Amino acid sequence: MALYSEKVMDHFRNPRNVGQIENADGVGEVGNPVCGDIMKIYLKIDGGVITDVKFETFGCGSAIASSSMATELIKGKPLSEALTLTNKAVTEALDGLPAHKLHCSVLAEEAIKAAVKDYYEKNGIAYDPKDFPASCDTCEHCH
Amino acid sequence: MELYLDCAATTKMSRRAIDAMLPYMEEVYGNPSSLYSKGQAAKEALEKARERVAACIGSTAREIYFTSGGSEADNQAIISAAANGAKKDKKHIISTAFEHHAVLHTLKKLEKQGYEVTYLPVGENGIVSVSDVENAIRSDTCLVTVMYANNEIGTIQPIREIGGVCRAKGVTFHTDAVQAAGHIPVDVVKDNIDMLSVSAHKFHGPKGVGALYVRQGVILNSLIEGGAQERGKRAGTENVAGIMGMTAALEDAVSEMDAAGKAIASSRDRLIAGLRSIPYSSLNGDEHKRLPGNVSFCFEGIEGESLLLMLDDLGISASSGSACTSGSLDPSHVLLAIGRVHEVAHGSLRLTTDRPLSDGEIAYTVNSVKGVVERLRAMSPLWHDLENGKRAHIFKEFEK
């Protein structure tokens, strides 16, 4: 299907890191059912490093592929690095997304940030709010 | 298995339609407006085609105008009726909430020009009520436009009754019959229709050709200027080959309609019964008053585009009213019009056929959809919330 790159289709057909993590150290969920996409990221964190990550996504092909790619990009990385992951990096790693699908990569970035934020809050770790911009729920895109 | 289940989007051309076109590209290629014999031969075929198309819908040849397709026919019918209404200070139009965009966008344009449009609700079963139409008619109503059958959920509208109401009140009645013509019986006289749009590629004809029926006595304005073709109502050299293809395809569709329609409807009902075995699913639109080849479902907890991509991998071509498939942010206006909430409207699937499916094909389709829905639900946080009671289910576990 020419709508998506081979990379997107590969991650859609064989998504990496699907599932849940029992007793995850951080969980982030963004999006809503009205918009048609929800992403949930589970993190296992050890010594400031993401030792495991899983995702669940309700959404279109590019939403599933974006979450899958995003989890690959942060697995085994320190939190500080995960926080610098941009939607642009996710999109590039997927060899591009159609313009009207770019918000899927934004959701992936935000889901990871939300999970990290959850970890910080659960553990009473101070963080810079600037690293966590308002989530997608507040943007105009989602009514 | 390869299964093309998107016949409401377009159909494969029939061999007979292709064969009917070829001579008008290779031999009789003259311009019908030319006076030499090569031109006049094309003209003769064109006028014969007009008679043949007319016979398929119960009209006369002089009431048929060939167009570039259903959208042009819809545009011309509506814009013309609106302009002629305005001359008598009638600037109110009645339509429904779930028309095709060729109608809805034309109406939106007219609203910007000062027309008032009433969009009637279509109820949960996807059928507009005749009394709603009757009650909405005002002294300044110039047009009622209601589709013959819906393109997404296949529901068939009470066209004859609506036409009767309009005729009695002296209001022009247009119907977009793009999904109906060639699939269910359409008779413009018995159905009290003033204007009707058809599109060739929905019944195995070529793309880019259609027709507009306009009852004698109803004034039609042109949309495209530049020549005397189509009695001055549609300029541009006629798409003779396309028209010949459409004519052959429509004749075949109409002659096979009775027998084929029953068999297709029976296979549709078996497909519906099979898909109902998927928990938390629901058929969109009336179960019985629907096109013989239309099956439309919503599934909780999943998104339609993913469903289509996975079905495509299994050889099934289908469509969805999900926002993600259209490039817009909202799911299908049709599904919203029948009261589907956004979260289930995103998880819709339309399967449309032009032939009866075998038991094997039905089983393959049901199993494929079931498998894909299960796979997507397994990775859906929305589905998990529904399963663990964090969110309430919208559908019953089993509809029937």
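Computed from a prediction, not measured in an experiment: that's the story for all the values here. The chains referred to below are lettered A, B, ... by the order of the sequence lines, with proteins before strands, and numbering in each begins at 1.
One distance of note links NZ of A:K40 with OG of B:S380; it measures 10.0 Å at 0.5 Å rounding. Here the SG atom belonging to A:C60 is positioned 12.5 Å from the CG atom belonging to B:L307, to the nearest 0.5 angstrom. Between atom CG of residue B:L382 and atom OG1 of residue A:T57 there is a gap of 11.5 Å, rounded to the nearest 0.5 Å.
The pair B:R377-A:E56 does not meet the salt-bridge criterion, since no charged nitrogen lies less than 4.0 angstrom from a carboxylate oxygen.
Counting only heavy atoms from C-beta outward, the side chains of B:M379 and A:F58 never approach each other to under 4.5 Å. The shortest distance between side-chain heavy atoms of B:D313 and A:R13 falls below 4.5 Å.
For chain B, the nearby part of A:I64 is the side chain; its heavy atoms alone come within less than 4.5 Å. Within the 4.5 angstrom heavy-atom criterion, no atom of A:S67 approaches chain B.
Listed here is the closest heavy atom pair of B:R391 and A:P33: NH1-CG, 3.4 Å. B:R375 and A:P15 get closest at one heavy-atom pair: NH2-CD, 3.8 Å.
Counting heavy-atom neighbours within 6.0 Å of B:E124 CD, excluding the residue itself, gives a total of 12 or less. For B:K396, the NZ atom counts as loosely surrounded, since its 6.0 Å shell holds 12 or fewer non-hydrogen atoms of other residues, nucleotides or ligands.
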- [ ] Check the pair A:I38, B:E303 against side chain to side chain contact (heavy atoms under 4.5 Å, CB included), reporting the backbone distance first and the verdict last.
- [x] CA-CA 10 Å; A:I38 302 176; B:E303 192 282 327; over 6 Å; no

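Although no hydrogens or angles enter the test, the distance criterion places a donor-acceptor pair under 3.5 Å between the side chain of B:H346 and the main chain of A:V34.
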